[in-house]
There are 2 protein chains.
Amino acid sequence: MVNDLINSNSSTTQILILKAARKIFIKKGLSGARMQEIADEAGINKALLHYYYRTKDNLFNAVFMEALKHIQSEFFIILNSDRDLFDKIRFFFDRYISFLQENSFLPGFIIHEINQNPDRLVEFFKNAGIRPPINLIIQVSEEVKNQRIIPINPIQFLLNMLSLAIFPIIASPLIKGIFEIDDPDYKDIIEQRKKELAEWFIDSIMIKKSSNEEQKE
Amino acid sequence: MVNDLINSNSSTTQILILKAARKIFIKKGLSGARMQEIADEAGINKALLHYYYRTKDNLFNAVFMEALKHIQSEFFIILNSDRDLFDKIRFFFDRYISFLQENSFLPGFIIHEINQNPDRLVEFFKNAGIRPPINLIIQVSEEVKNQRIIPINPIQFLLNMLSLAIFPIIASPLIKGIFEIDDPDYKDIIEQRKKELAEWFIDSIMIKKSSNEEQKE
DNA sequence: GTCTATATAACGATAGAC
DNA sequence: GTCTATCGTTATATAGAC
C-alpha cells in the first residue's frame, strides 16, 4: 500500500517529491503532468524522481491511492459514525463540503482517473479492503420502515447526498463561467449550501406528523 | 465558430475526422488523446489530420466548442421553454438525464477541460453569445414571491437540479465501484432517478396548502 | 486530397561522476 | 543521495511524391 512507500525511513526528499507530485498530478492528471514539472515543484532534479519512484506510473499510483484513501476515509468516518440519521445528514453536509472546499481538485481528479482506468479502483479495494457504507444503508432502510422518512431506495438517498455536496465543487469553473459569478461570490454560495442544504434535504425526506399528533409535544 | 469549420463544403473526410476526434478526445481528454489514435479511428492517415486542422489544438478546439454548444443548447432549450415551473422541472429531469445517458462522457470531458484551462469557456461565450438561463431564474423568484415554493436562492435551486442530474452520470464508474453495482443495475438506478427525481424535488420545494384550503379544490 | 517518409521537439528513463 | 549529461522513444508536425 501507499504507506509502505512513506514509512518511517522516508527521507525529507521523498516527502518533498510526493508533495510536489500530489500538487501536479491532482491538477493536471496522469497524462497532463510532466516529470520535469514535478521535479521543479519539488526543487530537485528530474533524475531524483526516478531514483525514488523508478517510473512515472509508480509515482502517480502513490498519489492516486493516497488521494482515494483520503477522500473515502473522510466520507466513511462521517457515514459510519454513531449518530441519528438526521444528525448524520447535518454532519455530512457541513463537514464533507468543508473538506471538499479545502481539496477542491480532489474529487474531479479521482473521477477523471477512474474514468480513464476503472481497474485502479478495483486494485484500491483489493489492497485497502474497503466496503460500501453499509451502516448508513441499513439506517436509511430502518427509518423508512419506521415511517420516519419517505420510502426511498437507500442508494438513491446516498446518490442525492453525494451529488448535492460534490458536484458544485467539481464543476465550479463551469458554473462560475455560465452564471458569471466571481470567486468570492461563489465561495458565499458554497457557504450558504453548507448552512441550508442539510435542513432542506432533511425536510424533503422526513415524514411530517399530522397536526393532531404534533399537538402532543 | 464551430459551424464555420463544418460548413456545406465540408468533405466526407473532414466529417470522418471530426467524428473520430470527438470519440477520442471526449474519452481521453486533450493531453491523453493521440493524433495517431484519431487517425486510426477515422481510417485515414495521420498527415491528413494536419492537412485539415493543422494542429492538434485546432482539432481539439473544434471538438470542444461543439461539445459545449451541444450540452448547453440542450440545457437551455429545456430551461427557457415556455412552461409552468413544475412542468419544467419534470421535463428537465426526464429529458436531460436521457440526454446524459446517451452522452455519458460529455459532462466529465467539459468539466475536466475547463478545469485545465478556464479561458476556453470565456472564449466560447465570446463567440457564441450565450447568457445565463435568466428565464428560469426569474421564474423561480416569482414562485417564491407567490409563495408557491419555499424561499430559495434561484442559483441554489439550479445547482441542486444540475447536481442531482449530472453527478450520478459523471461519477458512475466510481459509484459502481464503491457500491459494487454492475452496469445493468446501475442503468436501472438511473432509470429510477428519471422517474422519481422530479416528483421528489418538486415536493421538496413546494409549499403545501393547509388542509382547510385544500378542501376547496 | 491522400499517401510515405522524415524532421523536430518533448518526454520518460538511465549512466556515470561526485 | 544528488547531480549533469545523454539515450531511446514517442509525439506533433512538415515535405514531397502521387
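A note on names: the letters A, B, ... follow the listed sequences, proteins ahead of strands, and every chain is numbered from 1.
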| Verdict with reasoning, B:Q101 to B:K187, per side chain to side chain donor-acceptor pair (under 3.5 Å) | CA-CA 9 Å; B:Q101 277 182 307; B:K187 203 176 171 307; 5.8 Å; no
| task | Take the protein atom CG of A:L48 and the nucleotide atom C1' of D:dT2, then report the distance between them rounded to whole Å. | result | 6 Å
| message | Can you tell me how the ring of A:Y96 sits relative to the ring of A:F75, calling it parallel under 30°, perpendicular over 60° and tilted otherwise? | response | tilted
| said: Within the 4.0 Å limit for protein heavy atoms, which parts of nucleotides 4-18 of chain D are touched? Write it as a string from 5' to 3', B for base, S for sugar-phosphate only, - for none. | reply: B------SBBB----
| Nearest-angstrom distance from the residue atom CG of A:L49 to P of C:dA15 | 17 Å
| note | salt bridge (Lys or Arg N to Asp or Glu O under 4.0 Å) pairs touching residues 11-28 of chain A, sequence neighbours excluded, are A:R22-A:E66, A:K23-A:E41, A:K28-A:E37
| field | Integer-rounded Å distance: C:dG12 C1' and A:L59 CG | value | 12 Å
| said: Whole angstroms only, please: what is the OH-C1' distance between B:Y52 and C:dC3? | reply: 13 Å
| Rounded to whole angstrom units, what separation is found between the CD1 atom of A:I24 and the P atom of C:dC11? | 13 Å
| Residues which pass side chain to side chain donor-acceptor pair (under 3.5 Å) with B:D94, listed by chain and number, not counting sequence neighbours | none
| So, A:Q156 and A:N160: side-chain donor and acceptor under 3.5 Å apart, yes or no? | no
| Cation-pi geometry met for A:R193 and A:F93 (6.0 Å, 45°) | no
